[in-house]
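Below you'll find the structure I mean.
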Amino acid sequence: MNEILETVAAAAPEIRAGLPDRRRYADAENPSGERQLAADEYADKLLGDRLTALGSVASYASEERTDVIESEGRYHVAVDPLDGSSNLRSNNAMGTIVGVYDEPLPAPGRSLVASGFVLFGPITTMVAAEAGTVTEYVLEDGNPTIATESVTLPAEPTVYGFGGRVPDWPAAFADYAESIEQELKLRYGGAMIADVSQVLTYGGIFAYPALKSAPDGKLRLQFEGNPIAHIVETAGGASSDGARSLREVEPSDLHERVPVHVGNESLVDRLEAALGESRHA
Ligand code: AHG
Ligand code: MN
Ligand code: MN
């Protein structure tokens with residue numbers, strides 16, 4: 001595990017321990033215009049300090065910060081300090097996402113050399129894609145122990161989770177969702193990484209699609225879409241913005257949003273076919 005992922009793993013116990021007293025809203029908004037929790041700010045500050053102190057880090061970017069912090073190393077790190085932080089008040093799962101790019105941000109996902117997420121569930125785990133393999137670690141006091149050597153999506157899909165409100169889904173996605181609902185079981189919990197963990201474990205698809213009210217969807221390419229696409233594709237699955245792999249999207253803005261669909265390749269192919277038809281209709 002490279003030192004950047006190790007540093008994120010080592011910070012997990014302190015982030016988790018800091019959650020109970022930080023369930024309140026801070027009085028600031030993040031660059032995406034969303035209200036920040038005290039926990040978002042706390043996790044971002046802790047990770048920013050630890051990661052910029054590493055010799056290998058050239059810059060640190062966060063969903064919670066407008067600008068990038070420059071440093072002198074080689075890798076450009078993008079972090080979602082707390083993904084699913086709205087689950088804190090309801091005490092449901094959430095976690096941290098980290099992407100390690102080897103070019104300045106914003107960067108396409110194909111330049112990721114490592115990606116990981118820490119999941120604060122009943123157990124604190126880290127799932128990381130590095131050197132063509134996805135590994136699951138149990139984190140005890142921030143120390144990683146391998147739990148699953150090589151995570152691969154089950155061939156047979158079982159679960160699905162789609163974000164946004166049904167009336168806000170464009171017709172083509174709503175039709176696709178209707179066919180998926182006949183086949184799979186609903187698993188949607190409001191934190192992408194917890195829902196993606198279900199897909200990695202049981203097979204299926206997670207999507208936060210383009211909405212009528214938000215054609216670019218809700219999730220951010222640099223901090224959420226790319227790292228999760230890297231993990232799911234490395235685990236044998238596929239990702240799409242509706243037309244191509246998320247990792248092929250050429251970004252123009254650090255905080256740009258993108259429709260996110262990740263899971264079994266067969267399900268992603270069906271999605272692109274469904275949306276593709278609608279584009280020509
Ligand atoms: P974050 O807490 O980092 O803003 O991420 C929340 C995201 C993602 O984790 C989740 O899939 C989605 O927001 C849930 O959105 P809804 O509340 O609209 O379901
Ligand atoms: Mn998030
Ligand atoms: Mn977040």
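Read the numbers this way: they start at 1 and go in the same order the structure lists the ligands and their atoms.
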**OP:** Write out the residue and atom name of the closest protein heavy atom to atom 18 (O) of ligand 1, then the distance separating them to 0.1 Å.
**Re:** Tyr208 OH, 2.8 Å

**OP:** Using distance alone, determine whether Leu219 and ligand 1 share an N or O pair under 3.5 Å.
**Re:** no

**OP:** Number the atoms of ligand 1 from 1 as they appear, then name those within less than 4.0 Å of a heavy atom of Ala191, with their elements.
**Re:** 9 (O)

Original post:
So which protein heavy atom does atom 14 (C) of ligand 1 come closest to, and at what separation?
Top reply: Tyr188 OH, 3.4 Å

Subject >> Between Asp44 and Tyr60, a side-chain donor and acceptor under 3.5 Å >> reply: yes

Original post:
Is it the side chain, the backbone, both or neither of Phe162 that has a heavy atom closer than 4.0 Å to ligand 1?
Top reply: neither

**OP:** Name the closest protein heavy atom to atom 6 (C) of ligand 1, giving the residue it belongs to and the distance to 0.1 Å.
**Re:** Gly84 N, 3.8 Å

**OP:** Examine the side chains of Ser56 and Glu3 and answer whether a donor and an acceptor come within less than 3.5 Å of each other.
**Re:** yes

Subject >> Arg220, portion touching ligand 1 at heavy-atom distance under 4.0 Å >> reply: side chain

Original post:
Side chain, backbone, both or neither: which part of Asp83 comes within less than 4.0 Å of ligand 1 when only heavy atoms are counted?
Top reply: both

**OP:** Do me a favour and list the nearest non-hydrogen protein atom to atom 11 (O) of ligand 1 with residue, atom name and distance?
**Re:** Met192 N, 3.3 Å

Subject >> Between Ser240 and Glu272, a side-chain donor and acceptor under 3.5 Å >> reply: yes

**OP:** Select one of side chain, backbone, both or neither to describe which atoms of Glu224 lie under 4.0 Å from any atom of ligand 1, heavy atoms only.
**Re:** side chain

Original post:
Got a donor-acceptor contact below 3.5 angstrom from the Gln36 side chain to the Asp27 backbone?
Top reply: no

Subject >> Side-chain H-bond candidate by donor/acceptor type, Ser245 with Glu233, under 3.5 Å >> reply: yes

Subject >> Reported OG-to-CG distance for the pair Ser32 and Leu219, which is rounded to 0.5 angstrom >> reply: 10.0 Å

**OP:** Write out the residue and atom name of the closest protein heavy atom to atom 13 (O) of ligand 1, then the distance separating them to 0.1 Å.
**Re:** Lys218 NZ, 3.0 Å

**OP:** At a cut-off of 2.8 Å, list the protein N/O/S atoms near the Mn ion (ligand 3), residue plus atom name.
**Re:** Glu63 OE2, Asp80 OD1, Leu82 O

**OP:** Would you kindly say whether Tyr101 and Asn226 are connected by a side-chain donor-acceptor distance under 3.5 Å?
**Re:** yes

**OP:** Show your working on ring-ring contact (aromatic ring centres under 6.0 Å, His included) between His261 and Phe206 and close with a plain yes or no.
**Re:** CA-CA 6 Å; His261 317 80; Phe206 167 83; 9.2 Å; no

Original post:
Would you call Gly163 a ligand 1 contact, heavy-atom distance under 4.0 Å?
Top reply: no

Original post:
Under a 4.0 Å N-O cut-off, is there an ion pair linking Glu256 with Arg220?
Top reply: no

Original post:
Hey, what do you get for CG (Leu254) to OG1 (Thr66), rounding to the nearest 0.5 Å?
Top reply: 9.0 Å

Original post:
Any N/O of Asp80 closer than 3.5 Å to an N/O of ligand 1?
Top reply: yes

